[in-house]
Chemist: 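Okay, here's the structure, questions in a sec.
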Amino acid sequence: MKSYRMFVNGEWIDAKSKQTREIIDPGNSELIAKVPESGREDIVVAVHAARTAFDQGPWKNLTALERGKFLFKISELIRRESKRLAELEVKNCGKPLAEAEFDISDAANCFEFYGGLATKIHGETMSVPANSMSFVVREPVGVCGQIIPWNYPLLMASWKLAPALAAGCTVILKPSELTPLTALELAELIQEAGLPKGVVNVVTGPGAGAGEELASNKLINKVAFTGGTVTGRKVLEGASSNLKRVTLELGGKNPNIVFADCDLEAAIDGGLFAAFANQGEVCSAGSRILVEKSLHKSLVDGMLAKINRIKLGHGLLPGVKMGPLVSQQHLEKVQSYIQVGIQEGAKLICGGKRPEGSEFSKGNFLMPTIFDHVSPQMRIAREEIFGPVLSVIPFSTEEEAIQIANDTEYGLAAAVWSKNIFRALRVIRQLRAGITWINTYHPTFNEMPWGGYKQSGWGRELGLHGIEGYLETKQININLDEAPINWY
Ligand code: NDP
């Protein structure tokens, strides 16, 4: 059991209250660490550190090349520690090791991408009257508060930190109270990389208090949030105190549309992966599978035939494909949705309960669950469950599929399975979602923008778009005449 401290102004400190929080392995309920439980007063200290580092420190005045090299160094250090970080991620949030290894590698790639992009932030100039010159420069937005969830702890920290640092911002990052460990380990690597003090501050603490202060503190110029839509709305309210720049990455209830002319085996495989990767605790999970009626039985039978391959267990055990849910409280929330589905009259065709066996008794395990004959109006088809629960919704026509797919307050992700490329593209163009796939589900790239339409968020992370949220735009006008203009 390791006792962590928080990283503020280049130093490792406790919460002012000296309170700590116990961090539990959701796969076996073992105590794995203690972290400081900060409150508003600790956030204020970190905000002052980041403000001073931005206003007086060297970071924003380094050349882009110099900043980029720091990011390359962080990437290299994540790779050096990748085995340890992946195992820690499994213990802290429950995901299978292979998924954690992928996340850590992608986190390193993210720092590398933005290390390279730092030197490609360009201004512009326009044709103006001959006695003038006018050009546009991009400047860092300033001090950034960053709030992240528990499902991809190190990856979300990297998606937030890398573009902010590349742009020249300083940061206060708050991981979820449940999964702070890899973010604190990342802070150690950032210290080792030699970033100036106060540029990156990692504070641990709950949303109530610490998170609220980050959203509302007036010395912060921008808040970047990933989490639930309800919390996102609260962050937005807090940010209105000083009209901060805001980016939000929120929830989804994503349609995965399977047409009868698809490759059935690929769609079966993709349907399961879409719904059950990372225990379904994924904002972009394909939690609604919309299937053309003539293929309905074959698709469902195919998924049932394969579902036993999703081996449950502690994420560090070999062959495990699905770990525990992140907490007992979250398990209960997902179980309550299963009861809702049964009461609403959907047909539970597999799972719906905890697995039997002593190896599962101390973890928050839940069997992968499929409801068939779900109607689009049911709550399990409309609300984000954020767990391993898949709803199968049959449809008759292309138009009906599009209508059901778009009939949601969310607009994060969507997919289409069809061998007919005309149809696939036609349907994709009609879907109101920010991330879409054809004949695949989940792959995404640091180079491409990530974010949602409608209530799935504001703005985009990753790719060239991802840095925009960390930049201001300034026009500089120069008078080439030496004489006064003599207006008066
Ligand atoms: P929450 O919205 O509960 O929490 C997200 C973060 O916000 C946590 O760090 C939390 O702190 C903090 N927080 C909670 N309340 C407040 C508040 N009032 N003010 C400021 N910060 C606050 O989401 P979960 O952690 O439960 O994550 C799951 C949700 O995140 C899902 O709904 C999912 O869809 C969404 N998500 C979206 C992604 C996307 O890219 N669009 C990616 C991943 C998840 P703490 O936990 O410490 O209390």
Side-chain angles (χ1 to χ4, degrees), residues 6 21 23 35-40 42-43 92-93 95 103 145-160 172-181 183 202-217 220 223-241 244 246-254 277-287 325-327 329-331 333-334 337 383-387 408-413 433-435 442 444 448-462 466:
M6 305 185 287
R21 169 181 289 267
I23 303 300
V35 300
E37 181 82 329
S38 74
R40 281 182 180 269
D42 301 289
I43 299 293
N92 196 174
C93 71
K95 63 181 68 199
D103 293 356
Q146 303 186 320
I147 303 172
I148 56 173
W150 42 257
N151 57 346
Y152 288 87
L154 189 79
L155 195 57
M156 290 298 109
S158 305
W159 284 21
K160 294 276 181 288
I172 309 102
L173 174 84
K174 191 197 87 63
S176 161
E177 61 190 24
L178 298 173
T179 58
L181 302 186
V202 178
V203 284
T204 52
E212 287 165 348
E213 182 65 34
L214 267 185
S216 60
N217 189 295
I220 295 180
V223 61
F225 171 80
T226 297
T229 296
V230 173
T231 317
R233 218 169 270 129
K234 289 184 193 162
V235 167
L236 198 51
E237 279 168 27
S240 71
S241 66
K244 287 182 187 65
V246 179
T247 43
L248 302 170
E249 299 291 339
L250 307 175
K253 191 72 191 178
N254 311 292
N278 206 51
Q279 302 80 238
E281 296 169 325
V282 187
C283 51
S284 54
S287 53
L325 299 191
V326 73
S327 67
Q329 196 189 10
H330 188 57
L331 170 66
K333 178 187 155 193
V334 177
Y337 268 109
E383 297 176 21
E384 187 182 45
I385 300 174
F386 220 61
T408 164
E409 68 193 34
Y410 296 112
L412 188 59
I435 305 145
H442 276 323
T444 179
M448 303 300 276
W450 180 274
Y453 287 24
K454 300 193 272 181
Q455 293 190 41
S456 289
W458 279 9
R460 293 292 178 272
E461 294 196 298
L462 295 184

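One-based numbering, in listed order, for ligands and for the atoms of each. As the structure is a prediction and not an experimental result, all values here were calculated from the model.
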Chemist: Begin from the C-alpha positions of Gln455 and Leu250 and carry the test side chain to side chain contact (heavy atoms under 4.5 Å, CB included) through to its verdict.
Modeler: CA-CA 7 Å; Gln455 293 190 41; Leu250 307 175; 5.8 Å; no
Chemist: Students should find this: residues with any non-hydrogen atom under 4.0 Å from ligand 1. What is the answer?
Modeler: Ile147, Ile148, Pro149, Trp150, Asn151, Lys174, Pro175, Ser176, Glu177, Gly205, Pro206, Gly207, Gly211, Glu212, Phe225, Thr226, Gly227, Gly228, Thr231, Lys234, Val235, Glu249, Leu250, Gly251, Cys283, Glu384, Phe386, Leu412, Trp450
Chemist: Within the structure provided, determine whether Met156 and Gln146 are in side-chain contact (heavy-atom separation under 4.5 Å).
Modeler: no
Chemist: In sequence, state the C-alpha distance, the side-chain angles, and the governing distance for Glu384 and Tyr410, and then conclude on side chain to side chain donor-acceptor pair (under 3.5 Å).
Modeler: CA-CA 9 Å; Glu384 187 182 45; Tyr410 296 112; 4.5 Å; no
Chemist: Within the 4.5 Å heavy-atom criterion, are Tyr152 and Asn278 side-chain neighbours or not?
Modeler: yes
Chemist: Please walk me through it: do Glu409 and Lys454 pass salt bridge (Lys or Arg N to Asp or Glu O under 4.0 Å)?
Modeler: CA-CA 6 Å; Glu409 68 193 34; Lys454 300 193 272 181; over 6 Å; no
Chemist: Could you give me the CA-CA distance, side-chain angles and deciding distance for Leu214 and Phe225, then say whether side chain to side chain contact (heavy atoms under 4.5 Å, CB included) is met?
Modeler: CA-CA 10 Å; Leu214 267 185; Phe225 171 80; over 6 Å; no
